[in-house]
Amino acid sequence: MKKRIITVIALSLLLCISLASCKRNENDEKVDKVENKTSEANHSDNDTSQLITETQHKSDFALNTIINITLFEAPKFGEEDWQQTMDVLRNVESTMSAHTATSLVSEINNNAGIKPVQVSDDLYEVIKMAKNIAEETNGAFDPTVGALTKLWQIGTDEEHVPSPEEIDNGLSKVDYKKIILDDAKKTVFLEEEGMSIDLGGIAKGYSADKSFDYLSNKGVKKAILDFGGNISLIGSKDEENSWRVGIRKPDRNTAELIVYAAVSGKDESVVSSGDYERFFEEDGKFYHHIISPYTGYPTDNEIRGASVILPSSMQADAYATALMVMGKEKAIAFIEDKGLETCLIFDDMSSYSTFDEKRKFEILE
Ligand code: ADP
Ligand code: MG
């Protein structure tokens with residue numbers, strides 16, 4: 001496998017910092033898509049009889065992020081088509097959110113240590129995949145991290161540093177081996193009271209895959225689905241060219257989107273995790289939303305960002321989160337063992353990547 005270790009000289013001072021909006025930079029022209037960035041017009045007339053190559057775009061808020069779906073070759077989408085497209089991901093959200101009291105995930109959590117809960121096929125599939133990836137990554141990715149994330153509450157008004165006692169208690173409730181699955185009955189049981197499932201590291205990928213399938217079945221031939229960090233690519237740009245996807249520079253000092261690198265892909269998903277996504281500062285220290293199931297605290301190692309390319313956005317999502325937790329050495333060993341197509345970006349803005357020639361991986365910053 002081809003490896004590249006490239007050191008990039010740290011960026012000079014950023015000129016404009018805007019917390020509300022993401023600014024464009026000169027590298028934008030070199031990519032078709034960077035996470036969370038599109039601003040095309042919206043079309044609403046409906047005629048599904050033929051494909052059009054006029055750009056059609058929908059932007060909305062779901063799964064706690066801005067969703068941008070851009071169709072480049074597709075049937076004409078009307079209001080109803082967009083509505084149905086959004087329903088696909090809203091259904092995933094209402095089943096899988098741990099923050100909604102009425103979700104099936106909340107029902108599992110409320111019955112921890114009490115009884116198994118029968119769930120939908122969708123949710124069963126996601127929890128089963130999450131448990132498998134937890135096994136594979138030796139618990140770096142662990143869906144029972146909910147016992148910790150509900151203490152930190154990062155990304156909400158309640159975010160704060162929990163006490164060491166709370167962290168210890170939370171840690172004692174994190175263990176993917178205590179998720180008991182029954183394939184025949186489709187039930188999920190958390191063995192111990194106080195355990196809690198959080199699918200925040202995988203559900204977005206699952207919904208991207210569901211949307212990919214839904215749109216493909218509707219006859220969409222070319223599209224980019226941007227679910228804030230999960231970019232799924234339907235088809236390719238044209239016969240010769242794959243889509244170019246920008247990997248964001250992991251810089252939490254600015255809300256400005258700076259393109260760090262570009263990589264090519266088609267009919268697959270480019271998923272990035274980073275410590276710049278959601279975080280807060282307390283007493284001069286940063287605390288972000290990827291929690292180490294080993295320490296109970298946000299990951300604190302050399303890795304600032306991890307991107308993974310796979311046909312399944314769900315798998316890539318979980319792996320990207322796991323790599324952030326593993327730290328440089330373990331992450332590289334894991335990537336090589338699995339033959340993952342990935343890029344890690346470190347503290348000093350150097351990077352490690354395993355993309356082969358056809359990816360045309362290029363560092364831009
Ligand atoms: P994002 O949601 O910003 O794209 P990730 O895919 O990395 O980023 O997912 C982060 C989310 O995953 C957190 O908000 C939390 O819900 C959950 N999470 C945090 N740490 C872990 C972990 N070690 N294993 C599994 N899920 C995690
Ligand atoms: Mg993830």
Side-chain angles (χ1 to χ4, degrees), residues 35-36 62-67 89 92-93 96-100 103 105 109 126-127 129-156 159 167 170-171 173-176 179 195-209 226-232 247-248 250 252 269-280 287-301 303-310 312-327 330-331 340 342 344:
E35 297 146 32
N36 265 340
L63 298 152
N64 213 12
T65 194
I66 298 163
I67 305 286
L89 41 135
V92 174
E93 183 175 29
M96 304 200 187
S97 167
H99 308 292
T100 317
S103 74
V105 165
N109 293 342
V126 174
I127 294 178
M129 175 61 74
K131 189 181 173 185
N132 285 344
I133 293 183
E135 268 156 17
E136 250 185 297
T137 61
N138 195 25
F141 179 87
D142 190 328
T144 65
V145 76
L148 293 163
T149 55
K150 72 180 180 196
L151 298 174
W152 288 92
Q153 300 193 59
I154 293 171
T156 74
E159 57 195 9
I167 298 270
L171 272 174
K173 305 288 180 191
V174 176
D175 187 356
Y176 62 88
I179 305 175
M195 283 180 74
S196 184
I197 283 185
D198 175 346
L199 298 175
I202 191 168
K204 211 160 51 164
Y206 180 73
S207 66
D209 289 338
D226 175 5
F227 290 15
N230 293 57
I231 314 265
S232 288
I247 293 174
R248 182 178 172 173
R252 60 189 169 202
S269 194
V270 183
V271 182
S272 301
S273 268
D275 62 5
Y276 51 86
E277 295 263 9
R278 292 176 213 282
F279 60 84
F280 69 97
Y287 298 95
H288 63 92
H289 73 318
I290 298 169
I291 307 291
S292 165
Y294 309 127
T295 65
Y297 287 83
T299 65
D300 189 11
N301 59 52
I303 305 180
R304 300 270 71 80
S307 301
V308 178
I309 305 185
L310 278 173
S312 158
S313 195
M314 164 165 69
Q315 282 178 15
D317 200 352
Y319 283 139
T321 306
L323 293 173
M324 291 291 301
V325 175
M326 288 176 190
K330 284 205 173 111
L340 277 186
T342 177
L344 304 176

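Every number for a ligand or one of its atoms is a count from 1 in the order of the listing. Given the structure is predicted, the values throughout are model-derived calculations rather than measurements.
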*Of the listed options (Gly201, Ala130, Ala98), which comes nearest to atom 9 (O) of ligand 1 when hydrogens are ignored and any heavy atom counts?*
Gly201

*Give the atoms of ligand 1, by number and element, whose distance to some non-hydrogen atom of Val325 is under 4.0 Å.*
23 (N)

_Checking side-chain hydrogen bond (donor to acceptor under 3.5 Å, both in side chains) between His288 and each of Thr299, Asp275, Asp300, which is the one that passes?_
Thr299

_Nitrogen or oxygen of His289 less than 3.5 angstrom from that of ligand 1_ = yes

_I need the minimum non-hydrogen distance between Lys131 and Tyr176, along with the two atoms involved._
CE-O, 3.5 Å

*What part of Asp142 sits under 4.0 Å from ligand 1 if we count only heavy atoms: the side chain, the backbone, both or neither?*
backbone

*Taking all non-hydrogen atoms of both residues into account, name the closest pair between Ala134 and Pro143 and its distance.*
CB-CD, 4.0 Å

_With Ile291, the side chain to side chain contact (heavy atoms under 4.5 Å, CB included) member among Val145, Val174, Asp198_ = Val145

*Nearest atoms (heavy-atom pairs only) where Gly201 meets Thr321*: O-OG1, 3.8 Å

_Whether Pro293 lies under 4.0 Å from ligand 1, heavy atom_ = yes

*Kindly give the heavy-atom pair with the smallest separation between Ala316 and Leu310, and that separation in Å.*
N-CD1, 3.7 Å

*Would you mind running through ligand 1 and noting each atom that sits below 4.0 Å from a heavy atom of Ala140?*
22 (C), 23 (N), 24 (N)

*Considering distance alone, does some N or O of Ser273 sit under 3.5 Å from an N or O of ligand 1?*
yes

*Sequence neighbours excluded, which residues qualify as side-chain contact (heavy atoms from CB on, under 4.5 Å) partners of Ser232?*
Ala208, Phe212, Leu225, Ser269, Ser313

_Any heavy atom of Ala134 closer to ligand 1 than 4.0 angstrom?_
no

*Numbering the atoms of ligand 1 from 1, which are under 4.0 Å from a heavy atom of Lys204?*
1 (P), 2 (O), 4 (O)

*Can you tell which of Ile133, Thr321, Leu148 gets a heavy atom nearest to atom 5 (P) of ligand 1?*
Thr321

_With no hydrogens and no angle check, just 3.5 Å: does a side-chain donor-acceptor pair link Thr100 and Ser97?_
yes

*Least distance between heavy atoms, Asn138 atom then Tyr294 atom*: O-OH, 2.7 Å

_Numbered atoms and elements of ligand 1 in range of Ile290, under 4.0 angstrom, heavy atoms_ = 7 (O), 19 (C), 20 (N)

*Under 3.5 Å between some N or O of ligand 1 and some N or O of Asp198?*
yes

*Options Ile291, Val271, Thr137, ranked by nearest heavy atom to atom 22 (C) of ligand 1, top entry*: Ile291

*asked:* Please determine whether the number of non-hydrogen atoms from other residues, nucleotides or ligands lying under 6.0 Å from atom NZ of Lys330 exceeds 12.
replied: no

*If waters are left out, how many protein N/O/S atoms lie within less than 2.8 Å of the Mg ion (ligand 2)?*
4

_Numbered atoms of ligand 1 (with element) below 4.0 Å of Phe141, judged on heavy atoms_ = 24 (N), 25 (C), 26 (N)

